[in-house]
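Below is one structure, written out as structure tokens; comments come after it.
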There are 2 protein chains.
Amino acid sequence: MKSEKISDAVVRRLPVYLRFLNELSFREVSTVSSQELGQKLDLNPAQIRKDLAYFGDFGRKGIGYDVAYLIEKIRQILNLDQQINVALVGAGNLGQALSNYNTYLKDNMKIVAVFDASEKKVGQKINSLTVQPIEDLGATVKRFNIRIGIITVPDFEAQRVADQLIDAGIEAILNFAPTILKVPAEVRLHAADFTTDLLSLAYYLGDGKEALTNES
Amino acid sequence: MKSEKISDAVVRRLPVYLRFLNELSFREVSTVSSQELGQKLDLNPAQIRKDLAYFGDFGRKGIGYDVAYLIEKIRQILNLDQQINVALVGAGNLGQALSNYNTYLKDNMKIVAVFDASEKKVGQKINSLTVQPIEDLGATVKRFNIRIGIITVPDFEAQRVADQLIDAGIEAILNFAPTILKVPAEVRLHAADFTTDLLSLAYYLGDGKEALTNES
DNA sequence: TAGATTGTTAATCGATTAACAATC
DNA sequence: TAGATTGTTAATCGATTAACAATC
């Protein structure tokens with residue numbers, strides 16, 4: 001299979017596959033079936049096979065998928081066979097927390113620069129990175145070939161920061177601020193706003209309202 | 001409209017509506033149409049009308065929606081007309097960052113207890129809350145009627161913490177650890193793992209692979 | 001009244017799942 | 001060979017969007 005357009009739902013599952021495959025690899029498991037994957041990841045095995053088949057024939061009938069080979073392929077698909085440099089804008093608590101994941105998420109993605117608007121923050125060290133003034137954003141993005149920006153500034157600054165990132169030539173943005181950003185179509189934007197997640201959870205709290213289903 | 005089962009996609013948009021409506025209210029805008037909402041939130045107006053109509057006839061033909069009334073209704077739908085107590089497990093950087101949003105997200109959701117397994121953390125103050133040992137989780141959850149748990153512990157501890165939260169009678173979990181948790185069907189689980197988000201962004205980086213579309 | 005906008009049905013679009021021939 | 005499992009088509013399911021009568 002080739003040259004269909006891949007839906008975002010599919011793309012978002014690839015890192016989930018990758019993560020579990022890495023774990024299997026670490027445990028020296030060499031082969032895995034879509035059924036095992038599905039069980040562990042709470043996904044339908046047919047869906048997993050279909051997802052992978054968009055990108056190539058990675059499995060072997062009767063056998064399953066070779067773990068090492070599939071890891072390699074998914075990393076290629078996700079462009080993680082090259083180092084991807086990331087900028088973090090906003091050196092507050094959340095920004096600092098994210099920068100700690102630097103080692104953790106490795107996988108060739110790396111936060112290589114941290115920016116903040118506040119004079120107090122500029123010059124501080126965060127995980128071996130020195131916080132730079134926002135004014136340096138354009139120059140630094142170009143110099144280090146930074147392609148993804150993470151926004152962890154307060155919501156009222158988020159759009160401005162996004163605009164600056166886009167001006168600097170960034171290709172994708174992960175936005176933690178609880179606001180809807182406007183970006184040109186060629187810039188990929190993912191929202192990572194946890195307040196939305198948390199508030200929506202409240203809907204499901206039992207309440208009498210609709211706690212009763214037809215079981216028992 | 002009543003008594004259809006509401007999809008999660010719909011539920012997750014409600015906090016987004018609520019947030020923007022709060023902003024309108026602050027700006028003393030009293031009425032809003034689905035078209036305006038759609039424009040601002042990047043959603044189809046028909047979808048917004050349909051979403052809201054699942055829960056009642058909140059709008060007025062020819063006029064639109066009364067901002068204050070709609071806020072009240074959405075808050076009721078999301079169970080935010082009562083205070084919802086939240087526990088945070090994991091007082092690391094991310095946990096501390098989230099607890100700072102306490103004031104921010106208000107809306108009747110409140111982190112009222114913080115837990116950590118490490119002796120170093122226990123007893124420390126985080127935003128006026130004293131970090132408690134995980135052993136106290138069951139008792140504290142019951143005493144304070146805590147209904148939602150946020151997990152910000154390392155991935156290898158996440159399942160154990162989830163089990164403890166569930167034992168304690170929690171009804172919903174927001175999981176920041178990059179791992180798939182197994183929870184019983186009656187517990188609502190949302191994943192808030194930003195590494196997945198970030199890795200999936202890399203897929204969209206221009207690369208020659210599929211950078212060329214039919215524009216230009 | 002004329003213009004605007006809802007609530008809702010029908011049409012469309014897209015994503016998930018089932019089923020199975022191919023084949024290891 | 002018999003059993004297992006893929007890749008893929010067809011069926012199903014669900015979500016989004018268009019269209020429009022009702023009505024403010």
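The model shown is predicted, which means the values in this text are computed figures rather than measured ones. Letters A, B, ... mirror the listed sequences (proteins, then strands); counts begin at 1.
- Between the CG atom of A:Leu37 and the C1' atom of D:dA4 there is a distance of 15 Å, rounded to whole Å.
- The pair A:Lys182-A:Asp163 does not meet the salt-bridge criterion, since no charged nitrogen lies less than 4.0 angstrom from a carboxylate oxygen.
- Taking atom NZ on B:Lys5 and atom P on D:dG14, their separation rounds to 7 Å, with Å as the unit.
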Report the C-alpha separation of B:Asp8 and B:His190 in whole Å, then their side-chain angles, then the decisive distance to 0.1 Å, and conclude whether the side chain to side chain contact (heavy atoms under 4.5 Å, CB included) test is met. CA-CA 10 Å; B:Asp8 192 48; B:His190 281 182; 3.8 Å; yes

For A:Asp155 and B:Arg19, run salt bridge (Lys or Arg N to Asp or Glu O under 4.0 Å): C-alpha distance rounded to whole Å, both residues' side-chain angles, the deciding distance at 0.1 Å, then the answer. CA-CA 12 Å; A:Asp155 55 359; B:Arg19 195 169 58 205; over 6 Å; no

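- A side chain to side chain contact (heavy atoms under 4.5 Å, CB included) with A:Asn175 is found for exactly one of A:Ile180, A:Ile151, A:Thr152, A:Val153, namely A:Ile151.
- Rounded to a whole Å, the CG atom of B:Asp8 is 16 Å from the C1' atom of C:dT16.
- One finds no side-chain N or O of A:Ser34 lying less than 4.0 angstrom from the OP1 or OP2 phosphate oxygen of D:dT5.
- Of the residues in residues 39-47 of chain B, not one comes within less than 4.0 Å of DNA chain C through any heavy atom.
- Residue A:Ile6 contributes atom CD1, which lies 14 Å from atom P of C:dG14 at whole-angstrom precision.
- Counting to the nearest Å, the P atom of C:dG7 and the NZ atom of B:Lys73 are 13 Å from each other.
- Between A:Asn100 and B:Asn93, the side chains place a donor N or O and an acceptor N or O closer than 3.5 Å (distance only, hydrogens not considered).
- Put simply, A:Arg13 has a side-chain N or O that comes within less than 4.0 Å of OP1 or OP2 on C:dT16.
- The interatomic distance linking B:Lys50 (NZ) with D:dG14 (P) rounds to 13 Å, in whole Å.
- Sequence order on DNA chain C of the closest nucleotides to A:Val10 and A:Lys61 puts A:Val10 first from the 5' end.
- At the phosphate of C:dT6, OP1 or OP2 sits under 4.0 Å from a side-chain N or O atom of B:Arg49.
- Under the 3.5 Å distance criterion, with hydrogens and angles disregarded, a donor-acceptor pair is assigned to the side chains of B:Ser34 and B:Arg49.
- Residues A:Asp66 and A:Arg60 are not paired through a salt bridge, judged by the lack of any N-O separation under 4.0 Å between the basic side chain and the carboxylate.
- Following rounding to the nearest Å, A:Phe55 (CZ) and D:dT6 (P) show an atom-to-atom distance of 17 Å.
- Within 6.0 Å of the CD atom in A:Gln35, the count of heavy atoms belonging to other residues, nucleotides or ligands does not exceed 12.
- For A:Ser33, the side-chain atoms get nearest to D:dT5 when compared with the rest of D:dC24, D:dT8, D:dT5.
- Applying the 4.0 Å criterion to OP1 and OP2 of D:dA4, one finds that A:Tyr65 has every side-chain N and O outside that range.
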Output the pairing pattern of DNA chain C as a dot-bracket string, 5' first, Watson-Crick or G-U wobble with both distances under 3.5 Å, | for cross-strand pairs, [ ] for crossing pairs. ..||||||||||||||||||||||

Steps toward side chain to side chain contact (heavy atoms under 4.5 Å, CB included) verdict (B:Asn22, B:Ile71): CA-CA 7 Å; B:Asn22 279 328; B:Ile71 287 174; 3.5 Å; yes

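- In summary, the side chains of B:Ser99 and B:Gln96 do not present any donor paired with an acceptor at a separation below 3.5 Å, with no hydrogens or angles considered.
- Put simply, CZ on A:Arg12 is 13 Å from P on C:dA15, counting in whole angstrom units.
- Both A:Ser7 and B:Glu36 lie close to DNA chain C; mapped to their nearest nucleotides by heavy-atom distance, the more 5′-ward contact belongs to B:Glu36.
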